[in-house]
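To start, the structure under review is shown below, and the notes come after it.
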Protein chains: 2
Amino acid sequence: MAEQAPRRTTRQRAAVAAALGQCEEFVSAQELHARLRTDGERVGLATVYRNLQSMAADGEIDMIRRDDGEAVYRACSTDHHHHLVCRVCGSTVEIAGPAVERWADRVGAEHDYAEVSHTVELTGVCASCR
Amino acid sequence: MAEQAPRRTTRQRAAVAAALGQCEEFVSAQELHARLRTDGERVGLATVYRNLQSMAADGEIDMIRRDDGEAVYRACSTDHHHHLVCRVCGSTVEIAGPAVERWADRVGAEHDYAEVSHTVELTGVCASCR
DNA sequence: CACTCAAATGGGAATGATTGTCAATTTCGC
DNA sequence: GCGAAATTGACAATCATTCCCATTTGAGTG
């Protein structure tokens, strides 16, 4: 495991963690910052970035990248699922894919990779758009 | 499959494809642009971006994102596969995942989505980076 | 509690990849 | 060869993310 640098508990760090905990879906640092501001918490944008990064580095939260390259975060333990997105109308269906989870773990093990996480996106054309 | 917009064969497009073909590893648009310039090919940076994007959209090349979010490309073997990328050193392993293919098709069918395609990215930490 | 000092913060400026703009150029079917 | 439509190039504009640095704050210590 990566060594964990000293971390202090600050009002801002707690606020970031709390706000993230209330999000079901992945959120970007920008979105989280806006949300905090709305909630009346005054936290600098740079601070949101720094905290999200260190929390991700410590494994406290998940970080993945959206299609456009923007980093998005999610509190761990929120239940994990994927999406099936319609290419035409954009409607989405949430997919629970235990099969994929197992597959990902197995592939990681086969190639001796640790801490394997995965991103899965399905796109298609939904019934009403055909 | 996704509809392919009309594409013309231009000197620049060929140059981009050729340069990419000579790279073993993944390269970013910026790197490829620099390489082209070194080779004496005059191709605009925006053009490199546009071509890489359209080639990726057409499935002619692979596109993934490095840890820092920068998009990197690589000429891909024709057959469909996924990647297992090391979060630390960036080394990649190609994964053939018949299991995922079948899973994706089944999920699409269950929700009545047609022309389902999928994106799967696995990231972890490889043995030598631990 | 008062004290100390490194960690943490904030916010504005800087960075750097990517995208937009639009006139000029090039491709390709006819 | 012609003309419409795609493509290009140079540069400006975006926008997430990082840097900088003066100021604040957490948390041991005596």
Side-chain angles (χ1 to χ4, degrees), chain A residues 2-20 23 25-58 60-74, chain B residues 2-20 23 25-58 60-74 87 90:
Chain A
E3 212 42 57
Q4 176 169 334
R7 291 281 144 70
R8 289 180 180 175
T9 56
T10 64
R11 173 179 63 75
Q12 294 88 342
R13 190 179 181 76
V16 168
L20 188 62
C23 298
E25 297 301 317
F26 281 96
V27 263
S28 69
Q30 303 276 350
E31 289 162 353
L32 201 62
H33 178 243
R35 198 173 288 225
L36 281 166
R37 172 165 294 180
T38 300
D39 291 354
E41 291 280 4
R42 247 175 294 98
V43 182
L45 176 59
T47 300
V48 173
Y49 272 101
R50 277 183 300 235
N51 278 318
L52 286 175
Q53 267 176 350
S54 64
M55 289 163 81
D58 293 348
E60 291 174 38
I61 63 177
D62 278 345
M63 188 269 258
I64 64 172
R65 287 195 181 270
R66 265 201 306 234
D67 246 22
D68 64 355
E70 194 175 351
V72 286
Y73 304 83
R74 183 184 61 181
Chain B
E3 211 43 56
Q4 176 170 335
R7 291 280 144 72
R8 290 178 178 177
T9 55
T10 64
R11 173 180 63 77
Q12 294 88 342
R13 190 176 181 78
V16 168
L20 189 63
C23 299
E25 296 302 316
F26 281 95
V27 262
S28 69
Q30 304 276 350
E31 289 162 353
L32 201 63
H33 178 243
R35 197 173 288 225
L36 282 166
R37 172 167 294 180
T38 300
D39 292 353
E41 291 280 1
R42 248 175 294 100
V43 181
L45 177 58
T47 300
V48 173
Y49 271 101
R50 280 183 296 235
N51 278 317
L52 285 176
Q53 270 176 346
S54 64
M55 289 164 80
D58 293 348
E60 291 174 39
I61 62 177
D62 276 345
M63 188 269 259
I64 63 172
R65 287 195 182 271
R66 267 203 302 236
D67 240 23
D68 64 355
E70 193 175 351
V72 287
Y73 305 82
R74 185 180 61 177
R87 252 194 293 277

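- Residue-level contact check: A:Gln30 touches the bases, meaning some heavy atom is under 4.0 Å from a base atom.
- What separates CZ of A:Arg66 from P of C:dT18 is a distance of 16 Å, to the nearest Å.
- Comparing A:Arg37 and A:Arg8 by the nucleotide of DNA chain C whose heavy atom lies nearest to each, the residue mapping closer to the 5' end is A:Arg8.
- To the nearest 0.5 Å, atoms CD1 (A:Ile61) and CG (A:Leu52) are separated by 5.0 Å.
- B:Ser54 and B:Arg13 form a side-chain donor-acceptor contact under 3.5 Å, judged by distance and modelled atom types alone.
- Taking atom CZ of residue B:Arg42 and atom P of nucleotide D:dA10, one finds them 8 Å apart after rounding to whole Å.
- Distances shorter than 4.0 Å separate some side-chain N or O of A:Gln12 from OP1 or OP2 on C:dG10.
- Judged by distance alone, the side chains of A:Gln12 and A:Thr47 never bring a donor and an acceptor atom under 3.5 Å apart.
- In this entry the distance linking NE2 of B:His33 with C1' of D:dT8 reads 12 Å, nearest Å.
- Applying the 4.0 Å criterion to OP1 and OP2 of C:dG10, one finds that A:Arg11 has a side-chain N or O inside that range.
- When rounded to the nearest whole Å, the span between CZ of B:Arg13 and P of C:dT27 equals 14 Å.
- Under 4.0 angstrom from either OP1 or OP2 of D:dT17 there lies at least one side-chain N or O belonging to A:Tyr49.
- Checking the phosphate oxygens (OP1, OP2) of D:dA27, a side-chain nitrogen or oxygen of A:Thr9 falls inside 4.0 Å.
- Heavy atoms of B:Asn51 sit under 4.0 angstrom from primed sugar atoms or phosphate atoms, though from no base atom.
- In terms of phosphate contacts, B:Thr10 brings no side-chain nitrogen or oxygen within less than 4.0 Å of OP1 or OP2 of D:dT7.
- Of the N and O atoms on the side chains of B:Arg35 and B:Thr38, not one donor lies less than 3.5 Å from an acceptor on the other residue.
- Taking atom CG on B:Leu52 and atom P on C:dT18, their separation rounds to 10 Å, with Å as the unit.
- In this model, the phosphate group of D:dT18 is approached by a side-chain N or O of A:Gln53 to a distance below 4.0 Å at OP1 or OP2.
- Across the interface with DNA chain C, nearest-nucleotide mapping of A:Val43 and B:Tyr73 shows A:Val43 to be the residue nearer the 5′ end.
- Nearest to the side-chain atoms of B:Ala46 among the listed nucleotides D:dT17, D:dC19, D:dC11 stands D:dC11.
- Looking at heavy-atom distances under 4.0 Å, B:Glu31 makes no contact with the nucleic acid at all.
- Distance CZ (B:Arg7) to P (C:dC28): 14 Å, rounded to an integer number of Å.
- Look at CZ on A:Arg50: it is 16 Å from P on D:dT24, rounded to the nearest Å.
- Protein atom CG of B:Asp68 is 16 Å distant from nucleotide atom C1' of D:dC15, rounded to whole Å.
- Counting heavy atoms from C-beta on, the side chains of A:His33 and A:Val16 never come closer than 4.5 Å.
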